[in-house]
Engineer: 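First, the structure itself, so that you have it in front of you.
Nothing here was measured: the structure is a model prediction, and the numbers come from that model. When a ligand or atom number is given, it counts from 1 through the structure's own listing order.
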Amino acid sequence: MPDVKDIIALMEERLSEDEKALVLRASAFAQEKHEGHERNSGEPYYIHLFETARELAELGMGPNTVAAGFLHDCIEDAKVTPKELEKEFGAEILFLVEGVSKLGKLKYQGAERHAESLRRLFVATSQDIRVLMIKLMDRLHNMRTLEHVRPDKRVRIAKETLEIYAPIVDRLNMGRLKRELEDLSFKWVDPRTYEEMQAIIKERGFDQETKLTTLMSAVNDDLKKNGVTNYRTTFRIKGAYSLCKKLERKENDLDRIHDILAIRIIVPSVADCYHALGVVHGLYRPRPGKIKDFIAFPKPNGYRSLHTTVITEEVGLVEIQIRTEEMHREAQFGIASHFAYKSIGSKKSTEHVRSNRVWYEYLIPSLFSRKPTALEETASVDFSLITPSWIKDIGQSHNDASSETDQFLEGLRSDFFNFRVFVFTPKGDVIDLPIDSSPIDFAYAIHSDIGDHLSAAKVNGKLASFDSKLKNGDIVEIETKPSCQPTQKWLDYVKTSLARRHIANFIQKQHAEQMR
Ligand code: MN
């Protein structure tokens, strides 16, 4: 059994004694409540909880989030009541665990056109970005152990990861996680292409490493000669899924891809980045049009780095990426590197609670109706230090219509949600309907028979009238009776043409029968 002390060790210097005790308590509670409960692999369930918590600790999350990582399945799978959890661990941890449980109910049914709306809904539903982080680390471990899942379910989960989770992770600039999630999914979604890509990567990537090492020593010599010190170099090998996407964009012409293997030069300061770029260009001729300054012009997700493709005698075209340590950390951990507990540097602060408000106020304004809780008010964090610059940019770009197109955020800010509502079946399937839709629209959206025999509707567990208007996130339960049928009045209550058509058909048919 893994040892929780390993997680404490990861967080050591930033934990008080009380916080240490909290993490230990959460681990023991999880172990006890999930006793005898097994994963598909036959492993104790606790391993999944431990791995989720460990990944959160590695991301730099604080004790409450790590504790919630241990507890994230206990309401859903171990029959712990919210009341009991709150009594043991308090309101904040209950809030996080309930948030994760709620997200778990969103299921992707493979309707491509819904992918983008689901992504937004997913981000919106997570409310607190810590909830999203727990859900992502939960998914990461599930993906790492996907081989133990039933084949049909496996493909559904892999598709969902590829089409919903990975783009969100990319939007948050979490490069390392994105790559792992993509390749773990790709393997199950399209095994043949995955193997093909792996073969190309092996041939064009790993096999070139020796040649590139020679090239690197030339670069090293020149950097030193020119006074660039205190830097390090690494290689980056492209992920299989990312290569596949790029090949699609380049009409499957492998000769047009030059970054299967790239060199990274990591230097202390921004000035050093440009200095190093100058040195590299002095040594090798850059390809015109291939010099990209993502420092002066960061990508919409906050990614910063200098990219250049140079022409070398040794290996032909080579991509070189130059960045500072900070940019490197950001490109790997993305948003987590900004709000992570450790970067705040104070043992007393309660994580990045205030930055959450920034996060959803800017990202999800149309859904941000929740009043700040006392919890958020007590945060003592100077959030100007931890708010990612791209989030600040969002706040400023309101008047700047011509600013860099940022489709994801534009989309979130747009009135998309003003035209659609997303509601759930009791099983968690998402149904999207026009705004002001009624339970009748919902019933017909599921099946015409259900609509035609609708007898009662419950919204969030309470009986609702047929003319009530559904709201985002409502859970709608439909009851039917064979004797129930649509009436003329229903036509006044519906918004969808689908429902209208079925009701009209039904009434017409009935009319015809009466005439006979
Ligand atoms: Mn889980």
Engineer: So does E182 pair up with K245, basic N to acidic O under 4.0 Å?
Structural biologist: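 Answer for the salt bridge query: no.
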Engineer: Sorted by chain and residue number, which protein N/O/S atoms are under 2.8 Å from the Mn ion (ligand 1)?
Structural biologist: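 Sorted hits: H48 NE2, H72 NE2, D73 OD2, D138 OD1.
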Engineer: In terms of heavy-atom contacts, does NZ of K469 have more than 12 from other residues, nucleotides or ligands at under 6.0 Å?
Structural biologist: no
Engineer: Is it true that Y241 and Y194 have ring centroids separated by less than 6.0 Å?
Structural biologist: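 For Y241 and Y194, the ring centres are not under 6.0 Å apart.
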Engineer: Side chains of R323 and Y303: donor-acceptor distance under 3.5 Å anywhere?
Structural biologist: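 Y303 and R323 do have a side-chain donor-acceptor pair below 3.5 Å.
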Engineer: Between H141 and H48, what is the ring plane arrangement, given parallel below 30°, perpendicular above 60°, and tilted in between?
Structural biologist: tilted
Engineer: Assign the ring pair H37 / Y45 to parallel, tilted or perpendicular, where the plane angle (0 to 90°) is split at 30° and 60°.
Structural biologist: parallel
